[in-house]
Amino acid sequence: MALTHSALRQALATRIAGISGWWEAPVPADSFSPSAVPDAIPASKAHLAFAVGLGESTIIDGRHKASVGVHLHTPARLRFYARHTPGMTISQTSQDAALDARQALIVRVMAQDATWPSSFQIARILAIPELVLLPTGEWFLGGLDVECLHPLPLS
């Protein structure tokens, strides 16, 4: 079964939302920031908020059939926020919790099981960006870049 790009993004988001405490931010990945969380949600709610964005797809060997679709490599950028302990200049405990959150993301995304669409595969991890403490000192930004293999429908 071929997947549209939106279905691919949604499959990744659904998978990540299955991690206890994680939730998808209500903004596109390009607008993802702690301040993008709606004012109605307390600031602490941004903890373990995530966004999924897709990069530019490339065709695999130019192969395609109308009945199957065109086979693509599509990079996905997964980003999340982890709260830094308020009132502390540097907290190793907060950083360790953010590193554990990143590990949970890696395990959840890389596990291939029956809940993934059958035509979709995470080929490999492209990058594990450095965990960054934002200038405000309140949030760690973490993430994972992966390469997805999937057919895109032609009809």
Side-chain angles (χ1 to χ4, degrees), residues 1-34 36-38 41 44-65 67-85 91-134 138-154:
M1 174 176 83
L3 283 176
T4 63
H5 280 108
S6 62
L8 172 63
R9 193 208 65 75
Q10 290 167 8
L12 284 164
T14 299
R15 182 82 171 181
I16 298 167
I19 304 171
S20 178
W22 289 61
W23 66 283
E24 185 175 14
V27 296
D30 291 344
S31 301
F32 185 56
S33 71
V37 176
I41 298 174
S44 61
K45 180 69 173 164
H47 179 64
L48 300 180
F50 71 89
V52 176
L54 299 180
E56 182 177 323
S57 296
T58 55
I59 297 171
I60 301 171
D61 299 329
R63 302 177 303 167
H64 59 276
K65 288 189 197 176
S67 61
V68 176
V70 60
H71 293 271
L72 300 177
H73 288 276
T74 301
R77 174 166 279 182
L78 318 172
R79 294 293 178 263
F80 71 93
Y81 286 108
R83 189 169 182 117
H84 181 257
T85 305
S91 169
Q92 193 60 49
T93 303
S94 292
Q95 184 178 28
D96 287 347
L99 290 168
D100 289 344
R102 184 173 67 189
Q103 178 66 21
L105 175 65
I106 292 168
V107 168
R108 183 72 174 166
V109 169
M110 295 307 292
Q112 295 291 315
D113 62 26
T115 64
W116 282 113
S118 60
S119 61
F120 169 64
Q121 177 184 3
I122 300 291
R124 62 191 171 123
I125 294 175
L126 296 172
I128 302 174
E130 178 181 4
L131 192 64
V132 176
L133 183 61
L134 298 182
E138 188 177 3
W139 299 102
F140 287 106
L141 172 63
L144 181 65
D145 295 344
V146 296
E147 180 180 43
C148 307
L149 303 177
H150 65 101
L152 185 74
L154 294 176

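- Between L141 and Y81 the shortest side-chain heavy-atom distance falls below 4.5 Å.
- Note: R124 CZ to M110 CE = 10.5 Å, rounded to the nearest 0.5 Å.
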Steps toward side chain to side chain contact (heavy atoms under 4.5 Å, CB included) verdict (Q103, L99): CA-CA 6 Å; Q103 178 66 21; L99 290 168; over 6 Å; no

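- The heavy-atom pair separating G55 from T74 by the smallest distance is O-CG2, 4.0 Å.
- Using a 30° and 60° split on the angle between ring planes, H5 and H150 fall in the perpendicular class, above 60°.
- The CD1 atom of I106 lies 12.5 Å from the CD1 atom of I122; values are rounded to the nearest 0.5 Å.
- Using a 4.5 Å cut-off on side-chain heavy atoms (C-beta onward), V52 and F50 make contact.
- One distance of note links SG of C148 with CG of L12; it measures 5.0 Å at 0.5 Å rounding.
- Remark: R9 CZ to T14 OG1 distance equals 8.0 Å, nearest 0.5 Å.
- Pairing each heavy atom of A29 with each of A51, the nearest pair is CA-CB, 3.8 Å.
- Side-chain N or O atoms of R108 include one that pairs as donor or acceptor with a backbone N or O of R15 at under 3.5 Å.
- Rounding to the nearest 0.5 angstrom, the gap separating the CD atom in E130 from the CZ atom in F140 is 11.0 Å.
- The structure places CG of L72 at 7.0 Å from OG1 of T58, a figure rounded to the nearest 0.5 Å.
- The backbone N or O of I60 lies less than 3.5 Å from no partner atom in the side chain of H71, so there is not a single donor-acceptor pair.
- Scanning all heavy atoms of the two residues, the minimum distance from I19 to A104 falls at CD1-O, 3.8 Å.
- Ion pairing of R79 with D30 is absent here, as no side-chain N (NZ or NE/NH1/NH2) approaches a carboxylate O to less than 4.0 Å.
- Heavy atoms from other residues, nucleotides or ligands lying under 6.0 Å from CZ of R102 number more than 12.
- Residue L105 comes nearest to F80 through the heavy atom pair CD2-CD2, 4.1 Å, listed as atom of the first residue, atom of the second, then distance.
- The shortest non-hydrogen separation linking A101 to W22 is O-CZ2, 3.3 Å.
- Closest approach of L154 to G69, counting heavy atoms only: CG-CA, 3.9 Å.
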